[in-house]
Number of protein chains: 2
Amino acid sequence: MRDVAALAGVSIKTVSRVVNNEAGVAEGVRIRVQEAAARLDYRHNLAASNLRRGRGLSGLIGALLQDVSNSFSAALLRSLEDAARDRGSAILSASLDEEPERERALVHDLVTRRVDGLVLMPSTDRQDYLSSEVRAGLPVVFVDREPRGVAADSVTVENFEGARMGVEHLLAQGHRRIACLTDLDEIYTARRRREGYVAAFEARGIRPDPALTISGVRGAGAGEAAVADLLDRADPPTALFAGRNDLAQGAIRALQRRGQSDAIALVGFDDFPLADLVSPPLTVVRQDVARIGRLTADLLVARLDGDDSPPHRIVVEPTLVVRGSGEIPPPH
Amino acid sequence: MRDVAALAGVSIKTVSRVVNNEAGVAEGVRIRVQEAAARLDYRHNLAASNLRRGRGLSGLIGALLQDVSNSFSAALLRSLEDAARDRGSAILSASLDEEPERERALVHDLVTRRVDGLVLMPSTDRQDYLSSEVRAGLPVVFVDREPRGVAADSVTVENFEGARMGVEHLLAQGHRRIACLTDLDEIYTARRRREGYVAAFEARGIRPDPALTISGVRGAGAGEAAVADLLDRADPPTALFAGRNDLAQGAIRALQRRGQSDAIALVGFDDFPLADLVSPPLTVVRQDVARIGRLTADLLVARLDGDDSPPHRIVVEPTLVVRGSGEIPPPH
DNA sequence: CATGGCCTTGACAACGTTGTCATCGGACAC
DNA sequence: GTGTCCGATGACAACGTTGTCAAGGCCATG
């Protein structure tokens, strides 16, 4: 800026005015400055500008999701990005991979970078560590999992009810030996879905075979292995409930590999691209990602614009999408 | 920092020393400062620190991809993120959606934010506008598409050769009426794939029916419609070559809807999750996303670490993954 | 011609940090 | 006791901006 000012024969402050398109600069001067800036390849320094200007605002929004390469997180990230773009903010994204330590480290990093707001799909069990930030005015919106130990907005899905619905769908067709695959029980959504599975049975006054409840299944590969193991048993399940899209995918792979896709019913939680194209098409409990993304972005934007009402807790109802895999009847 | 200094009864500079874990601070003082910082919820300001410290470095890496919700971009983003994490950098990501104007605007924004490096999957035809940045020392690595009008590293796939291989696979089985679906011809990768399609024919001394070459197909929905239209014709194709994963998905949907999945051969370009689970399993020309991501990250990191050798141009060879859909023979 | 007001411009300080250098006090050697 | 050196600490300027305020020039008005 100093160089531009020198070349244009004006003060630094005038360059600043031109750069910021402020009124009150003579047209000739404005042009001279712009030419000087162009000749010198001058680039405005947003960090310095924000430092001087704002109550520590950075025009950055942090998005800490579980894994940006997973279709759910990726779609969410995209929604946030679109909302951020409208406000001229940029998105700092990172993946947590269910690692609590990484969450804490990344939140700290983002705070240090003075993000204006934060979207968090937490991997920690409790987020007390966040309360000082929130108290200091950092807008945080939780997505997919509710906050614990800190008061913040959240957009979540009725995991319990969704799972119950999916499992009831299988029960209604006469299945009783229904296996349940879920991720680590420490993960809130996984736990709730497992509980929904149990509740569906209990609503009918029966109990699921505990041997068929497999939790702690991490990723598609583990899902495939778990299903393969189930099918090897003397008394295998007649239906499967997969508590997450990657587990459903693993299950499909295992079933296809054994040619049992059309023999064993399968209901997945969380829809994904192409779920309608596999064979048989996958029946799922769908959480509307686009809607979740929009709601999350809206909440955050409202906070960024100064809304300081008490935390909102939005719960989105999932829906059952019937496609075929979940309607396979039990043997005779 | 001033407040912490006051509370601890030391100078600002000493606080700075403690915060940065510098040697030469008496143990008692260090502890006093840390306690004061904790009590006041002091948070280091990385922007100010970088401003003062560094040759304008920000610890940020920009990633401008086509669409972070698309599996290819998302996987790439994830690779970059992992590489960035190792260096303590954060990733600023954004989607270009093939819009040249957005690319220019976002590059400008990132430059203004002083990113230390940039990964770009360009949507512009030429990137002359970048040359002043590159000259000024901004490390830029192009991915998926080569730079034009600017000298920069790139990691791309042999699109021409890959497409030729995929189409030759169909020709070898006797198909002659092979339709070709590609995105806008302005998109380099789309154009190269279409050219590879033609080349496969020409290598056998024949010419494809121009009526079967459909370009400008944007997205899965358009792909589905285009295939539906092709199949409605009096003289429909016996095989399809889909120039991108979303077009292949649209094609699968169209074929399934008409019950022709097992009658018409299909080869796609770019593998995707579950391509092995659709029916019939999809034969694809696979570009190794993980490898591309790693190479891209490595190039960028080398540049960030000061490598100033001439631009590297890495071309990854795609491979044909035979799964079934591409091996359906032509009628009789 | 004096006055007032507007428009344009620039000097200066400040945003939150850190590099440089100077100062101070004490330990140590002689 | 003197000199030297070292470790601990702080004052100050600077990173690249912009808000504040004042100054200067011009024009219109009376």
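Letters go in sequence order (proteins before strands), and every chain restarts at 1. Source: prediction; values computed, not measured.
- Between B:Arg53 and the phosphate of C:dT17, there is no side-chain N or O to OP1/OP2 separation shorter than 4.0 Å.
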- Apply side chain to side chain contact (heavy atoms under 4.5 Å, CB included) to the pair A:Asp97 and A:Glu103, showing each step before the final yes or no. CA-CA 9 Å; A:Asp97 291 337; A:Glu103 174 184 326; over 6 Å; no
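- Here B:Asn50 lies out of heavy-atom contact (under 4.0 Å) with every strand.
- Contacts of residues 28-46 of chain A with DNA chain C (heavy atom under 4.0 Å): A:Val29.
- With hydrogens and angles disregarded, a donor-acceptor distance shorter than 3.5 Å links the side chain of A:Arg145 to the backbone of A:Pro122.
- Counting only distance, with no hydrogens or angles, the side chain of A:Gln66 and the backbone of A:Met121 share a donor-acceptor pair below 3.5 Å.
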Measure all distances between protein nitrogen or oxygen atoms and nitrogen or oxygen atoms of nucleotides 11-13 of chain D, and list the pairs falling under 3.5 Å.
none

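- No side-chain donor-acceptor contact under 3.5 Å links A:Ser154 and A:Glu146.
- OP1 or OP2 of C:dT18 sits under 4.0 Å from a side-chain N or O of B:Ser16.
- A donor-acceptor pair under 3.5 Å is absent between the side-chain atoms of A:Asp116 and the main chain of A:Ile61, judged by distance alone.
- Counting any heavy atom pair closer than 4.0 Å across all strands shown, A:Ser49 reaches sugar-phosphate atoms only and no base atom.
- Side-chain polar atoms of B:Arg53 and B:Asn20 form a donor-acceptor pair below 3.5 angstrom.
- Taking only side-chain nitrogens and oxygens, A:Thr14 comes nearer than 4.0 Å to OP1 or OP2 of C:dG10.
- Atom pair A:Leu51:CG and D:dA14:P shows a separation of 17 Å (rounding to whole Å applied).
- Side chain of A:Asp183 to backbone of A:Ala190: no donor-acceptor contact under 3.5 angstrom is found.
- Note: CD (A:Glu22) to C1' (D:dT20) measures 12 Å, nearest angstrom.
- Taking CG of B:Asp67 as the start and OG of B:Ser95 as the end, the distance is 5.0 Å to the nearest 0.5 Å.
- Contact detail for B:Arg218 and B:Ile187: the closest heavy-atom pair is NH2-CD1, 4.1 Å.
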Between the protein and nucleotides 25-28 of chain C, list every N/O to N/O distance that falls short of 3.5 Å.
none

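- Taking both residues in full, the closest heavy atoms of B:Val115 and B:Leu138 are given as O-CD1, 3.5 Å, listed atom of the first, atom of the second, then distance.
- No side-chain N or O of B:Tyr42 forms a donor-acceptor pair with one of B:Gln34 less than 3.5 Å apart.
- To the nearest angstrom, P of C:dT17 lies 10 Å from CG of B:Asn20.
- Which of D:dA8, C:dT8, D:dG16 sits closest to the side chain of B:Ala26 comes down to D:dA8.
- For B:Leu57 and D:dC15, the CG to C1' distance is 13 Å, given to the nearest whole Å.
- Along DNA chain D, the nucleotide closest to B:Ala23 and the one closest to A:Ala48 are compared, and the more 5′ of them pairs with B:Ala23.
- Heavy atoms of B:Val10 sit under 4.0 angstrom from primed sugar atoms or phosphate atoms, though from no base atom.
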- In sequence, state the C-alpha distance, the side-chain angles, and the governing distance for A:Val316 and A:Thr156, and then conclude on side chain to side chain contact (heavy atoms under 4.5 Å, CB included). CA-CA 6 Å; A:Val316 173; A:Thr156 56; over 6 Å; no
